[in-house]
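What's counted below: heavy atoms across the whole structure, side chains too, no hydrogens, waters or symmetry copies.
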Amino acid sequence: KRQNLNNWTDFLKRIIPLAFALVLLAGCAQKHYTPAVSTDFNISAVYSAGDFSCSCTVKMKNNAVTVTALSGKAKGTAITYDGKNTSFSLNGTMQKVISAAETPPKNPAKLLYTVFSSLKDCENIKVVDNKYNYVGQTEVGSFLLVQRVEDNKYESVYIADSDIKFEFV
């Protein structure tokens, strides 16, 4: 009986730490991040699509995104997208308004509107190198939005399938 008791004790000494480790690992498997998502902001960026690149401002206010070119041939052009319409202005003068259906899928304001509107429901969030990485979908491909953990500032949006990138500065 003493031999059986020693075998049982040895068995428990081995199995309890293993079971404890499995419970700890199971608890770590699903980590949910809830970063602060800003819906009103005005930040500088560099926009690039293929060979084209320009500095711009990106403004989100009242559930609309405005991208204003600050350099290059597009300087002074502002595009605002609100999910229903896209408006174009040049140096503050309204030039044209088109419906969301008429707005090309690669329109920078439409792309950013899609990205930022999807963040509140985004479940595909990981932390990589102390930065939140959001992954989602636009009409022209999947996006990766990077946001710094320490101050919640947006760093970049990249749509690899379309070679489109916004780098926030």
Side-chain angles (χ1 to χ4, degrees), residues 30-169:
Q30 282 289 3
K31 179 110 178 163
H32 293 283
Y33 298 102
T34 54
V37 175
S38 177
T39 54
D40 281 344
F41 56 84
N42 191 352
I43 51 181
S44 297
V46 174
Y47 166 73
S48 58
D51 294 336
F52 176 81
S53 179
C54 75
S55 60
C56 61
T57 59
V58 175
K59 179 179 176 182
M60 184 159 191
K61 187 169 178 116
N62 299 327
N63 204 31
V65 172
T66 301
V67 177
T68 305
L70 301 175
S71 66
K73 292 180 181 179
K75 183 177 181 178
T77 302
I79 306 167
T80 301
Y81 183 81
D82 65 5
K84 298 176 188 137
N85 295 301
T86 303
S87 60
F88 300 86
S89 62
L90 183 59
N91 297 320
T93 303
M94 183 64 62
Q95 301 293 315
K96 186 176 185 177
V97 176
I98 60 174
S99 72
E102 296 173 289
T103 305
K106 290 185 178 181
N107 177 292
K110 183 177 185 175
L111 286 172
L112 288 177
Y113 177 90
T114 302
V115 169
F116 290 116
S117 295
S118 69
L119 292 184
K120 60 184 170 263
D121 300 321
C122 188
E123 294 184 15
N124 193 355
I125 307 169
K126 295 179 178 141
V127 174
V128 178
D129 296 329
N130 206 32
K131 296 173 184 172
Y132 295 115
N133 284 254
Y134 302 83
V135 176
Q137 195 65 34
T138 70
E139 288 180 62
V140 295
S142 61
F143 71 81
L144 168 65
L145 176 124
V146 179
Q147 180 186 27
R148 295 191 307 236
V149 170
E150 69 271 5
D151 58 10
N152 288 313
K153 291 195 176 179
Y154 298 120
E155 197 167 278
S156 63
V157 173
Y158 185 50
I159 304 167
D161 299 334
S162 298
D163 194 23
I164 294 173
K165 187 168 191 174
F166 291 87
E167 293 180 86
F168 302 112
V169 292

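Asn130 CG to Glu150 CD: the interatomic distance, rounded to the nearest 0.5 Å, is 5.5 Å. Here the NZ atom belonging to Lys84 is positioned 13.0 Å from the OG atom belonging to Ser99, to the nearest 0.5 angstrom.
Looking at every heavy atom in both residues, Val169 comes nearest to Ala45 through CG2-N, 4.1 Å. Between Leu111 and Pro105, the shortest heavy-atom contact is CD2-O, 3.3 Å. Taking every heavy atom of both residues into account, Asp161 and Val140 meet most closely at CB-O, 3.6 Å. Counting all heavy atoms, side chain and backbone alike, Lys110 lies closest to Pro104 at CD-O, 3.7 Å. When all heavy atoms are compared, the tightest approach of Thr138 to Gly141 is OG1-O, 2.7 Å. The minimum heavy-atom distance between Asn152 and Gln147, with the atom names listed, is O-NE2, 2.8 Å.
The shortest side-chain heavy-atom distance between Thr114 and Leu112 does not fall under the 4.5 Å cut-off. Annotation: side chain of Thr80 is not in contact with side chain of Thr86 (no heavy-atom distance under 4.5 Å). Within the 4.5 Å cutoff, the side chain of Lys75 has no heavy atoms near those of the Leu70 side chain.
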* For Asn107 and Tyr113, what are the C-alpha separation, side-chain angles and deciding distance, and is it a side chain to side chain contact (heavy atoms under 4.5 Å, CB included)? -> CA-CA 10 Å; Asn107 177 292; Tyr113 177 90; over 6 Å; no

* Please assess Phe116 against Phe143 for the test ring pair (Phe, Tyr, Trp, His ring centres under 6.0 Å), listing each intermediate value before the final yes or no. => CA-CA 11 Å; Phe116 290 116; Phe143 71 81; 8.7 Å; no

* From CA spacing to verdict: side chain to side chain contact (heavy atoms under 4.5 Å, CB included), Asn124, Tyr134 -> CA-CA 6 Å; Asn124 193 355; Tyr134 302 83; over 6 Å; no

* Passes side chain to side chain contact (heavy atoms under 4.5 Å, CB included), Thr66 versus Val58? Steps please. -> CA-CA 6 Å; Thr66 301; Val58 175; over 6 Å; no

* To do: Given side chain to side chain contact (heavy atoms under 4.5 Å, CB included), test Leu119 with Leu145 step by step and report yes or no.
  => CA-CA 9 Å; Leu119 292 184; Leu145 176 124; 4.2 Å; yes

* Candidate pair Tyr154 and Phe41, rule ring pair (Phe, Tyr, Trp, His ring centres under 6.0 Å), full reasoning -> CA-CA 10 Å; Tyr154 298 120; Phe41 56 84; 5.5 Å; yes

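Residues passing the ring pair (Phe, Tyr, Trp, His ring centres under 6.0 Å) test with Phe168: none are found, sequence neighbours excluded. Take Glu102 and apply the salt bridge (charged side-chain N to carboxylate O under 4.0 Å, His left out) test, not counting sequence neighbours, and it matches no residue.
Cation-pi geometry between Lys96 and Phe88 is not met at under 6.0 angstrom from the ring centre and within 45 degrees of the axis.
Contacts classified as side chain to side chain donor-acceptor pair (under 3.5 Å) and involving residues 52-64 (residues at least two apart or in different chains) are given here: Ser55-Ser71.
Under the 30°/60° scheme for interplanar angles, the aromatic rings of Phe166 and Tyr47 are found to be tilted.
A 6.0 Å sphere centred on CG of Asp40 holds more than 12 heavy atoms belonging to other residues, nucleotides or ligands.
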